[in-house]
Amino acid sequence: MGVKVVPGRTWSGLLALAGAIALAPSIIWPTARVVYRPEVSFSVDPAEGFEDLPQPQEFVQLVWSWGRFELADPPAGVEQGPIMANTPLLALLIAVVVVGLAAAALLLLVPGVHARTLGAIGATVVGTYALHSLVQRVGQAGSGWFGPEAGTSVEDTAAGVLEAMSVVLLALAVVVLAWRPGVVVGRRVWQQAAARAAEARAVEDRAPTSGRSGAGGVIVHGERTQATSLAESSRPTASEPAEPVGFTDASPDDDWFRNPGRT
C-alpha cells in the first residue's frame with residue numbers, strides 16, 4: 001500500500017520538504033568563501049633592491065553558517081592555526097533541519113487541523129532560522145566585518161546558495177498554507193463589515209430626522225426640544241406623562257403639538 005498524501009497539502013508539504021533539504025548542506029559544507037588579497041606598499045623605489053621580493057599570496061577562509069572558520073589551502077609559511085567552531089550552534093542547526101523534515105511529513109501525511117497547524121509552525125521556524133543566517137552573512141559582507149573591502153571579497157558557496165533558496169521555498173510553503181484560511185477570514189470580515197454598514201444605513205433611513213408642529217417646536221428622534229418642555233411645564237403635574245412625547249403617542253389628545261390651540 002503506497003503512501004497517501006493528504007489532499008490539499010501537496011504543494012505546501014513539498015515546498016517545506018524542499019526547503020528543509022536545501023538547508024541541510026550547510027551542516028557539512030561552508031556557506032561563504034572570504035578571499036584575502038594582501039597589498040604591499042614600499043617606502044622606497046621597489047626597483048632598488050626589491051626585485052626578488054615574492055609577491056604576496058592570497059588566501060581563502062571558509063565560513064560556515066554555524067560559526068566555523070577554517071583556512072582553505074593556506075599559503076606556504078602560513079600555519080593553519082586553531083579551527084574556530086560553535087558546537088552548540090551546530091546542534092541548533094541540526095535540530096532546525098529535523099524540525100523542517102518533521103513539519104513536511106506532518107503536512108504531507110497526517111490529516112487534521114492540528115497537523116496542519118504544527119506543520120505551518122515548523123516551516124515558519126525553519127524559514128526564520130534560514131533567513132537570519134542569510135541576513136547575517138550578507139550584513140557581515142557588506143559592513144566589512146571580514147576585513148577591508150579593497151583587499152577582501154566574500155563569495156557564496158553552493159551551500160550558501162542553497163541556504164538562500166531554502167528561505168524562498170519555506171516562505172512559499174507558509175504562504176500556500178495561510179492563503180486559503182486568510183481568504184476565508186478576510187471574506188468573513190468583509191461580509192460582517194458590509195452587514196453592519198447596511199444595518200446602520202437602514203436605521204438611519206427609518207429614524208425621523210426632523211418634524212414641525214403648530215407651536216413651532218422641532219422633534220428629533222422622539223425627543224422634545226426646549227419649546228416642548230416649556231409647553232409641558234404649564235400642564236398639571238398629575239397629568240404629565242412619564243415618557244417623552246413624540247410622533248409615536250397613542251392618543252392625539254395628549255400631544256400638545258398636534259393641538260396648538262389647547263389651553
Side-chain angles (χ1 to χ4, degrees), residues 1-33 62-68 86-142 154-196:
M1 185 175 181
V3 178
K4 185 177 181 180
V5 178
V6 178
R9 296 191 200 162
T10 303
W11 281 108
S12 59
L14 290 178
L15 288 170
L17 180 61
I21 293 176
L23 184 61
S26 61
I27 298 176
I28 303 174
W29 291 286
T31 55
R33 297 174 68 255
L62 303 178
V63 181
W64 279 255
S65 63
W66 46 271
R68 177 187 173 99
N86 190 339
T87 305
L89 195 57
L90 172 60
L92 177 62
L93 174 57
I94 295 174
V96 166
V97 173
V98 172
V99 168
L101 295 175
L106 287 173
L107 292 173
L108 290 172
L109 305 177
V110 182
V113 65
H114 297 295
R116 181 187 182 93
T117 303
L118 291 175
I121 293 174
T124 303
V125 169
V126 180
T128 302
Y129 178 91
L131 178 62
H132 173 268
S133 179
L134 176 63
V135 171
Q136 184 181 35
R137 185 170 72 250
V138 173
Q140 289 174 346
V154 182
E155 305 170 356
D156 289 338
T157 63
V161 175
L162 289 175
E163 185 183 62
M165 291 179 59
S166 70
V167 175
V168 178
L169 293 171
L170 291 166
L172 290 175
V174 174
V175 169
V176 172
L177 283 171
W179 178 259
R180 185 178 299 175
V183 170
V184 173
V185 172
R187 186 180 301 168
R188 289 180 180 177
V189 171
W190 174 261
Q191 291 175 351
Q192 291 179 0
R196 291 180 180 179

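Sequence positions, counted from 1, serve as the residue numbers for this chain.
Contact detail for L109 and V6: the closest heavy-atom pair is C-CG2, 3.6 Å. Between G13 and A104 the shortest heavy-atom distance is O-CB, 3.8 Å. Smallest separation of non-hydrogen atoms from A123 and A16: CB-CB, 4.5 Å. Nearest approach of G119 to A103, heavy atoms of both residues: O-CB, 3.6 Å.
The OG atom of S65 lies 9.0 Å from the CD atom of Q136; values are rounded to the nearest 0.5 Å. Between the OG1 atom in T157 and the CG atom in L162 there is a gap of 8.5 Å [rounded to 0.5 Å]. For the atom pair CH2 (W64) and CD1 (I28), the distance works out to 11.0 Å, reported to the nearest 0.5 Å. Note: L134 CG to S26 OG = 11.0 Å, rounded to the nearest 0.5 Å. The distance from the CD1 atom of I94 to the CG atom of L23 is 11.0 Å, given to the nearest 0.5 Å. The distance from the CZ atom of R9 to the CG atom of L107 is 6.0 Å, given to the nearest 0.5 Å.
Side-chain atoms of V176 and L15, non-hydrogen and from C-beta on, do get closer than 4.5 Å to each other. Two residues are said to be in side-chain contact when any heavy atoms from C-beta on lie closer than 4.5 Å; L101 and L17 meet this criterion. In this structure, the side chains of R33 and V154 stay at 4.5 Å or more apart for every pair of heavy atoms. In this structure, V97 and V126 have side chains that are not in contact, with every pair of non-hydrogen atoms separated by 4.5 Å or more. At least one side-chain heavy atom of T117 sits less than 4.5 Å from a side-chain heavy atom of V113.
Side chain of W66 to backbone of T87: no donor-acceptor contact under 3.5 angstrom is found.
Annotation: salt bridge (Lys or Arg N to Asp or Glu O under 4.0 Å) contacts involving residues 159-169, sequence neighbours excluded, comprise R137-E163.
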Task: Verdict with supporting geometry, L92 and Y129, side chain to side chain contact (heavy atoms under 4.5 Å, CB included) - done: CA-CA 10 Å; L92 177 62; Y129 178 91; 4.1 Å; yes

